[in-house]
**Q** 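Encoded as C-alpha cells, here's the structure I'll be asking about.
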Amino acid sequence: MVMSEQQIVLANRPDGRPTRETFRYESIELNPLKTGQVLLETLYISVDPYMRGRMNDARSYSQPFELGAPIQGGVVARVIESKSDFLAVDDIVVGMLDWATKKVVDAKHVRKIDATLAPVSTALGVLGMTGMTAYFGLLDIGNPQPGETVVVSAAAGAVGSIVGQIAKIKGARVVGIAGSAEKIQYLKDELGFDEVINYKTEQIGEALDRTCPDGIDVYFENVGGEIGDAVLDRLNPFARVPVCGAISGYNEKENVGPRVQSKLIIARARMQGFLVGDYGKRFKEAAEQLGQWVSNGELKYEETIFEGFDQVPDAFLGLFDGSNTGKLLVKL
C-alpha cells in the first residue's frame, strides 16, 4: 500500500529574512517498508535559529539545505509500523529527520526515548540538544565560579533560559537580557535570575553598568550585534565568552560588527565558538545531569508550541521576532 503524506521543502534561498515563500509544501508517497526500516508519525518538530544558516549556499559547519529538498531538523515521532528488530510499534523516537507528517527511515537513524520519564517534547528541548548546548557551552567554556557575574543574552530563549539556571546552580550571579516585560518577569520570578535587562526599553550600556557594577566574568553569547558589543566592553580580566549564536545578524546581507581583538586583549578574555556535536562522547553525562536537575526541580523549562503542520513556517519565522519563551516547537 502506498500512502500520501506531506513534506516541507526549501523553495528558495532567502535574500535577508525568510518569508513563507521560502518554504513549499509537497505531497509525497511512502513506499512499503524494507527490512530494518520503520514508518514514523511525526509528533513534534523543532525549529531552531541555526537552520537559517543552512538556507544559504555558503561554507559553514554543516551542509546547506538543498533547494527543492526536504528541510531537516529535530523531530520526535511515534513508530506506527516496524520491520526493525530494535524498534516496535508505539515506540517514541527522536532524530534529525525531514519536516514531514510521516516518513520511512532506517531504524539506525533514530534513537528510542523513554516516554515515562518526562514529556516527549523535552527530547527536543531541555533534555535534548538544547539542554546539552547550554550545559557544555556554559560549563566547559564559561566555567562559572561561585560569586562570578554571568550575563546571558536571549535569556528567555530555549538555550539562554537553561544557561542562566545552570549558572545559578553553580553559585554565580546571573544577569539576563531579553526583549519584553513578560520575559523579564519570567526570568526574575520563575527562573530566579538576579538581574534582568529589557534591551527594547533600556539603553544597554547603562543597564549593564547598573546590573554588573563589578564587571562581567562570563558572557553566554546568543545574539551578537549591539548587545554583544556593549558586553565585550565590560569584561573582567580573564573573562570567558562561549559563542553559541548571533541571531541578530543571521538575516543580514553583509557582515558588520566590531573588531573584537583589542577588547579581548585588554580583558585577556577567552572567546570560543562551539557546536554541541563536538561533545558527542559526553551526551550521556549531560543527559543524566540535566534529567536530575529537572526531576528535583532545580531546572525549569518552558515551551512555546504551535499546533498543526501548516504552522511550521510561521513557527520558524517567529524565531526572528523574539516571540517565543523557552523552546519553540510545532505539535502535529
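Please read these numbers as outputs of a predicted model, since none were measured by experiment.
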**Q** Check whether M271 and V152 end up in the same hydrophobic cluster, where Ile, Leu, Val, Met, Phe, Trp and Tyr are linked by side-chain heavy atoms less than 4.5 Å apart.
**A**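 Hydrophobic grouping puts M271 apart from V152.
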
**Q** Is R270 atom CZ crowded by more than 12 heavy atoms from other residues, nucleotides or ligands, each under 6.0 Å away?
**A**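 Counting neighbours around CZ of R270, more than 12 heavy atoms of other residues, nucleotides or ligands fall under 6.0 Å, so yes.
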
**Q** Same cluster or not: are F193 and V159 linked, directly or through other Ile, Leu, Val, Met, Phe, Trp or Tyr residues, by side-chain heavy atoms under 4.5 angstrom apart?
**A**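 F193 clusters together with V159.
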
**Q** I need the H109 NE2 to K103 NZ distance, nearest 0.5 Å.
**A**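 The NE2 atom of H109 sits 14.0 Å away from the NZ atom of K103.
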
**Q** Please round to the nearest 0.5 Å and tell me the distance separating atom CG of L332 and atom CZ of R78.
**A**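 Here the interatomic distance stands at 11.5 Å.
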
**Q** Among pairs that include at least one residue of residues 126-150, which meet salt bridge (charged side-chain N to carboxylate O under 4.0 Å, His left out), considering only residues two or more places apart or in two chains?
**A**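 Non-adjacent pairs meeting salt bridge (charged side-chain N to carboxylate O under 4.0 Å, His left out): D140-R282, E148-R240.
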
**Q** I'd like to check the side chain to side chain contact (heavy atoms under 4.5 Å, CB included) partners of S153; sequence neighbours left out, ordered by chain and number.
**A**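 Expected list: Y219, E221, N222, V223, I227.
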
**Q** Does the side chain of N31 pick up a donor-acceptor pair with the side chain of E29 at under 3.5 Å?
**A**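 E29 and N31 do not have a side-chain donor-acceptor pair below 3.5 Å.
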
**Q** Classify the side-chain pair Q165/Y301 by whether it contains a donor and acceptor separated by less than 3.5 Å.
**A**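 No pair is found: no donor N or O on one side chain lies under 3.5 Å from an acceptor on the other.
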
**Q** Carefully, step by step, assess D209 and R234 under the rule salt bridge (Lys or Arg N to Asp or Glu O under 4.0 Å).
**A** CA-CA 8 Å; D209 289 338; R234 291 162 175 81; 2.7 Å; yes

**Q** Step through the shown structure and confirm whether more than 12 heavy atoms of other residues, nucleotides or ligands are within 6.0 Å of CD on E41.
**A**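 Yes, because the 6.0 Å sphere around CD of E41 holds more than 12 heavy atoms from other groups.
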
**Q** Does K327 come within less than 4.0 Å of E303, counting only side-chain N to carboxylate O?
**A**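 Salt bridge flag = no for E303 with K327.
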
**Q** Not counting sequence neighbours, which residues clear side chain to side chain contact (heavy atoms under 4.5 Å, CB included) with I169? List them please.
**A**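 With sequence neighbours excluded, I169 shows a side chain to side chain contact (heavy atoms under 4.5 Å, CB included) to W293, E298, given in chain and number order.
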
**Q** Should F309 and L43 be counted in the same cluster of Ile, Leu, Val, Met, Phe, Trp and Tyr side chains packed under 4.5 Å apart?
**A**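 No.
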
**Q** Considering only NZ, NE, NH1 and NH2 on the basic side and carboxylate oxygens on the acidic side, decide whether K112 and D91 come within less than 4.0 Å.
**A**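 D91 and K112: salt-bridged.
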
**Q** Test W99 against every option in Q6, Q72, Q7, M51 by the side chain to side chain contact (heavy atoms under 4.5 Å, CB included) rule and name the one that passes.
**A**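 So the option named by the test is M51.
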
**Q** Measure centre to centre between the rings of F316 and F23, then say whether the value is under 6.0 Å.
**A**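 When the ring centroids of F316 and F23 are compared, they turn out to be within the sub-6.0 Å range.
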
**Q** Salt bridge or not for D214 and R173, using N-O below 4.0 Å?
**A**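 Between R173 and D214 there is no salt bridge, as every charged N stays at least 4.0 Å from the carboxylate O atoms.
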
**Q** One pair to check against salt bridge (Lys or Arg N to Asp or Glu O under 4.0 Å): R210 and E206. What are the steps and the verdict?
**A** CA-CA 6 Å; R210 170 178 59 81; E206 294 176 358; over 6 Å; no

**Q** Just wondering, more than 12 heavy atoms not from Y25 lying within 6.0 Å of its OH?
**A**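 Counting other residues, nucleotides and ligands, OH of Y25 exceeds 12 neighbours.
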
**Q** State whether E302 and K300 are salt-bridged, where the test is any N-O pair (Lys NZ or Arg NE/NH1/NH2 against Asp/Glu carboxylate O) under 4.0 Å.
**A**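 Looking at K300 together with E302, the answer is no, because their closest N to O distance does not fall below 4.0 Å.
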
**Q** Atom CG in L235, atom OG1 in T149: separation rounded to 0.5 Å?
**A**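 Nearest 0.5 Å value for the CG-OG1 distance: 11.5 Å.
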
**Q** Carefully, step by step, assess K168 and D194 under the rule salt bridge (Lys or Arg N to Asp or Glu O under 4.0 Å).
**A** CA-CA 9 Å; K168 287 295 294 180; D194 296 285; 3.0 Å; yes

